[in-house]
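As the structure is a prediction and not an experimental result, all values here were calculated from the model. Naming convention: chains lettered A, B, ... in sequence-line order (proteins, then strands); numbering from 1 in each chain.
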Amino acid sequence: MNAPWPTTEAEALAVQDALRARVEQAAEGAVVPRTVAGLDVAYHEDGERLAAAAVVLDVRTHEVVDLAVTVGRAAFPYVPGLFAFREVPALLDALGRLRVEPDVLVCDGHGVAHPRRFGLACHLGVVTGRPAFGVAKTPLVGAWAEPGPTRGDSAALVDGGEEVGRVVRTRDGVKPVFVSVGHRIHLGDAVKITIGLARGFRLPESTRAADQACRAALRGATVGGQIGSASPAVRGSATLGPSTAHRGKGAGVV
DNA sequence: GCGACAG
DNA sequence: ATCTTGTCGC
């Protein structure tokens with residue numbers, strides 16, 4: 001029933017074309033999350049083995065409510081614009097191990113601020129059906145004016161004549177982050193949530209927590225060959241069936 | 001043709 | 001993404 005994971009760039013592009021129509025818009029205020037899930041992936045130096053983490057935080061207190069990690073392999077080579085095909089299988093596996101269903105997914109990358117308006121946040125939102133948005137550290141597409149110097153200041157990220165995201169200053173005098181809608185959420189809400197989650201640091205607490213969790217899992221899997229021993233509250237796996245290595249010759253790097 | 005190019 | 005600890009500055 002499930003379409004096979006794309007092996008070539010042409011196949012991946014076709015998948016994006018098909019899924020793009022399923023992205024849903026949302027009115028401002030439609031999403032008032034009590035919890036968010038921070039998602040991130042860490043790679044082994046071989047560029048193939050990886051660990052993915054999903055950490056659920058209470059939006060108000062930033063307390064970790066749930067956490068799940070999984071280790072596996074990159075499902076596609078890194079190609080700007082096709083980035084999601086590399087991490088989606090592992091991230092879905094991690095999300096599937098959570099006991100608490102997060103109200104919104106905070107992705108490490110872009111949503112519609114993408115050449116074909118279907119970045120990682122859109123992809124994860126569509127396949128999970130959950131509200132989702134992306135917070136990226138660097139731009140992929142678009143132009144913008146330097147936002148004000150104060151935390152909370154922002155500027156429109158424009159591409160192809162449309163606002164595809166917002167460049168947001170989460171801390172005074174610090175390089176801004178790029179926020180864009182993924183699925184079922186309004187850009188203004190995504191920006192507010194991002195600022196609320198980024199208090200002491202540039203990146204949202206959710207992203208930082210996920211980054212720390214997958215890095216730790218990667219070490220555990222590399223050194224001990226097993227993970228999840230550090231904390232009994234963490235659910236993890238040392239294998240990842242579907243997320244096998246990319247094969248074939250039409251997609252570049254391996 | 002020459003860069004740029006999420007992680 | 002990853003290679004990488006201490007250090008300069010507010």
Enquirer: State plainly whether the residues A:Asp211 and A:Arg208 are in salt-bridge range, i.e. N to O under 4.0 Å.
Expert: no
Enquirer: Between B:dG7 and A:Lys137, is there an OP1 or OP2 to side-chain N/O distance shorter than 4.0 Å?
Expert: yes
Enquirer: Just call it for A:Leu39: base, sugar-phosphate, or nothing, with non-hydrogen atoms closer than 4.0 Å on any strand.
Expert: nothing
Enquirer: For A:Tyr78 and B:dG7, say yes or no: do the ring centres fall under 5.5 Å of each other while the ring planes differ by less than 30°?
Expert: yes
Enquirer: Report which part of the nucleic acid A:Phe83 touches: base, sugar-phosphate, or nothing (heavy-atom distance under 4.0 Å, all strands).
Expert: base
Enquirer: Using 4.0 Å as the upper bound for N to carboxylate O, is an ion pair formed by A:Glu63 and A:Arg60?
Expert: no
Enquirer: Contact class for A:Ala42 (heavy atom, under 4.0 Å): base, sugar-phosphate, or nothing?
Expert: sugar-phosphate
Enquirer: Reckon A:Gly47 touches a base, only the sugar-phosphate, or nothing at all at heavy-atom distances under 4.0 Å?
Expert: nothing
Enquirer: Between A:Glu146 and A:Arg169, is the closest basic N to carboxylate O distance under 4.0 Å?
Expert: yes
Enquirer: Heavy atoms only, 4.0 Å cut-off, all strands: where does A:Pro139 land among base, sugar-phosphate and nothing?
Expert: sugar-phosphate
Enquirer: Is the shortest side-chain N/O distance from A:Arg86 to OP1 or OP2 of C:dA1 below 4.0 Å?
Expert: no
Enquirer: Roughly how many Å is it from CG in A:Asp159 to P in B:dA4, rounded to a whole number?
Expert: 17 Å
Enquirer: Mind calculating the distance between CH2 (A:Trp144) and P (B:dA4) to the nearest angstrom?
Expert: 13 Å
Enquirer: What is the distance, to the nearest angstrom, from the CG atom on A:Asp211 to the C1' atom on C:dA1?
Expert: 10 Å
Enquirer: When you check the phosphate oxygens OP1 and OP2 of B:dG7, does a side-chain N or O of A:Thr138 lie under 4.0 Å from one of them?
Expert: yes
Enquirer: Between A:Trp5 and A:Phe76, is the ring centroid distance below 6.0 Å?
Expert: no
Enquirer: Does this structure show an ion pair linking A:Asp159 with A:Arg117, if we count only N-O contacts that are shorter than 4.0 Å?
Expert: yes
Enquirer: Looking at the side chain of A:Leu120, which of C:dA1, B:dG7, B:dA6 is the nearest nucleotide?
Expert: B:dA6
Enquirer: Between atom CD in A:Glu9 and atom P in B:dC5, what is the gap in whole Å?
Expert: 18 Å
Enquirer: Roughly how many Å is it from CG in A:Leu140 to P in C:dA1, rounded to a whole number?
Expert: 14 Å
Enquirer: For A:Phe178 and B:dC5, what is the distance between atoms CZ and C1' respectively, to the nearest whole Å?
Expert: 13 Å
Enquirer: How many Å lie between CD on A:Gln16 and P on B:dA6, as a whole number?
Expert: 14 Å
Enquirer: Measure from CG on A:Asp40 to P on C:dT2 and round the result to the nearest Å.
Expert: 8 Å
